[in-house]
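The chains referred to below are lettered A, B, ... by the order of the sequence lines, with proteins before strands, and numbering in each begins at 1.
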2 protein chains.
Amino acid sequence: MTATRIGSERELLRSAGLRATEQRVAVLRALEGSPHADANGVFTAVLPELPDTSLQAVYGVLGALTEAGLVRRIEPAGSPARYELRVGDNHHHIVCTRCGAIGDVDCAVGSAPCLTPADTSGFTLTTAEVTYWGLCPDCAAAPLT
Amino acid sequence: MTATRIGSERELLRSAGLRATEQRVAVLRALEGSPHADANGVFTAVLPELPDTSLQAVYGVLGALTEAGLVRRIEPAGSPARYELRVGDNHHHIVCTRCGAIGDVDCAVGSAPCLTPADTSGFTLTTAEVTYWGLCPDCAAAPLT
DNA sequence: GGTCAGTTTTGAATCACTCAAGATAGGGGC
DNA sequence: GCCCCTATCTTGAGTGATTCAAAACTGACC
């Protein structure tokens, strides 16, 4: 009963007004398998399925999907851009300072406090983004090395 | 009564255990003049004072100052790294989505809510970082073009 | 003022990403 | 099911930000 039927990605793409190419389907499926993957990670995941895919195509697909609102692009400091399928909800990310692993975090207090700073320096504010930094379970458990 | 006496940067550097080279003093002074400058901006600001300075030296100085805790490095998505002298306090940034201008923002509710997400996915959390996105006063006032 | 490790200069290389031109393949209409 | 048109992908090259390495230099302790 998982929602990952073969055709669902095609329907998702078409409903967003995009052509359902096999590269796009493969990228969506890759992101289902590894959330928060970067462009190269998606590329690696797509290759076995579509060996002729180019890295540039992956960049193009990710750009199109991002623009269509089907994927969300996150860019933690010091890391290449990551992409995830979870869109439309207000969730944030926690990044491991040692290995770069990323986890999803729901905002404990909702969006209101974070969205209303005391003084915006005259800026017109549209969105707020929270990034947490810490250690992932694996790195916290590992010795100093 | 400004705190920007000639010698103060040298004292600051020495107290942090760093050699007070003229390049480092010049970088600190550049950051006083333009907060949130990127490496190239600092380089440009330093050149008139020290024409023989290389861009690589600026990167090296900024890296050393960041490591020593004298400057803070921020990396908004889609922008080169920016550097600022304001360290040690809990303040965040607002970035103009059109021109990339950056402003400082004090957290309206303190750091507590942002630092306590409901579920950290097993991560050990150390810091939280908030980035606001919006339009700067100039871009908000400007027509669509 | 001399000495030496920490810094900077010079030159090159890497990484993530973008651009452009031509080849290819979805998918609506028949 | 087949054709055509255009969106998309492939191939190849280029850019900007940043880092690496070796040699020249210089700040700071003595």
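- Within the 4.5 Å cutoff, the side chain of V58(A) has no heavy atoms near those of the N40(A) side chain.
- Using modelled atom types, no side-chain atom of S79(B) and backbone atom of P76(B) make a donor-acceptor pair closer than 3.5 Å.
- For the 3.5 Å distance criterion, the side chains of H92(B) and D104(B) fail to qualify, holding no donor opposite an acceptor.
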Could you walk me through whether E49(B) and Q23(B) pass side-chain contact (heavy atoms from CB on, under 4.5 Å), step by step? CA-CA 9 Å; E49(B) 198 175 336; Q23(B) 289 88 345; over 6 Å; no
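- Taking every heavy atom of residues 33-48 of chain B and every atom of DNA chain D, no pair lies under 4.0 Å.
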Might you work through the salt bridge (charged side-chain N to carboxylate O under 4.0 Å, His left out) test for R82(A) and E75(A), ending with a clear yes or no? CA-CA 6 Å; R82(A) 311 294 193 99; E75(A) 303 177 47; over 6 Å; no
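- For A81(B), the side-chain atoms get nearest to dT18(D) when compared with the rest of dT18(D), dC17(C), dT9(C).
- Defined by atom type and a distance below 3.5 Å, a donor-acceptor pair is missing between the side-chain atoms of H93(B) and E129(B).
- Contact check for L31(B) versus E84(B): no side-chain heavy atoms found under the 4.5 Å cut-off.
- Two residues, L55(B) and R82(A), neighbour DNA chain C, and the one matched to the more 5' nucleotide by heavy-atom proximity is L55(B).
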Summary of protein contacts for nucleotides 25-30 of chain D, nucleotide by nucleotide, where a base hit scores B, a sugar-phosphate-only hit scores S (4.0 Å, heavy atoms): -BBSS-
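- In this structure, CZ of R73(B) is placed 11 Å from C1' of dT19(D), rounded to the nearest angstrom.
- dG14(D) atom C1' lies 12 Å from atom CD of Q56(A), rounded to whole Å.
- Counting to the nearest Å, the P atom of dT7(C) and the CG atom of L13(B) are 10 Å from each other.
- Using a 4.5 Å cut-off between side-chain heavy atoms of Ile, Leu, Val, Met, Phe, Trp and Tyr, with links allowed through other members, V87(B) and L70(B) fall into different hydrophobic clusters.
- Following rounding to the nearest Å, L62(B) (CG) and dT19(D) (P) show an atom-to-atom distance of 10 Å.
- A donor-acceptor pair under 3.5 Å is formed between the side chain of T126(B) and the backbone N or O of W133(A).
- Contact annotation for A64(B): no contact, since no heavy-atom pair falls under 4.0 Å across all strands.
- Atom CD in E67(A) sits about 14 Å away from atom C1' in dT8(D), given to the nearest Å.
- Toward the 5' end of DNA chain D, the nearer of the two residues E75(B) and R24(A), judged by each one's closest nucleotide, is R24(A).
- Phosphate contact (OP1/OP2 of dC17(C), side-chain N/O of Y59(A), threshold under 4.0 Å): present.
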